[in-house]
Amino acid sequence: MTTETLDHLRSQISTLSESERAVLARELIMSLDGPRDGAVEQAWNDEVIRRVSKVKSGKATLLSREEFRAKMR
């Protein structure tokens with residue numbers, strides 16, 4: 001791609017609304033990630049469900065923001 005073409009694209013993109021630019025940015029980033037892996041997505045969905053279940057049942061240990069920051073230091 002030439003510099004001229006890239007400059008033209010930037011100019012066109014700058015005329016989009018914030019939400020349109022966000023959609024475009026998401027699509028561009030997704031195009032760099034390669035094909036989706038359904039098994040990985042399902043594994044993450046299962047993990048989210050498991051974690052939410054632990055929180056709802058009271059089996060999860062939750063930290064405040066301050067506690068988390070202290071542990072990270």
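Note that the CD1 atom of Ile13 and the NE2 atom of His8 stand 10.0 Å from one another [nearest 0.5 Å]. From Glu4, atom CD reaches atom CG of Asp7 across 8.0 Å, with rounding to the nearest 0.5 Å.
Between Ser11 and Ser14, the shortest heavy-atom contact is O-OG, 2.7 Å. Leu63 approaches Lys71 most closely through the heavy-atom pair CD1-CD, 3.8 Å. The minimum heavy-atom distance linking Arg21 with Leu16 is given by the pair NH1-O, 2.7 Å. Pairing each heavy atom of Leu62 with each of Glu67, the nearest pair is O-OE1, 4.2 Å.
Heavy-atom neighbours of Glu41 CD from other residues, nucleotides or ligands within 6.0 Å: above the threshold of 12. In the displayed structure, Gln12 atom CD is contacted under 6.0 Å by more than 12 heavy atoms of other residues, nucleotides or ligands.
Sorted by first and then second residue, the pairs that involve residues 42-63 and meet salt bridge (Lys or Arg N to Asp or Glu O under 4.0 Å), not counting sequence neighbours, are Glu47-Arg50, Glu47-Arg51.
By the side-chain contact (heavy atoms from CB on, under 4.5 Å) test, Leu28 pairs with Leu24, sequence neighbours left out.
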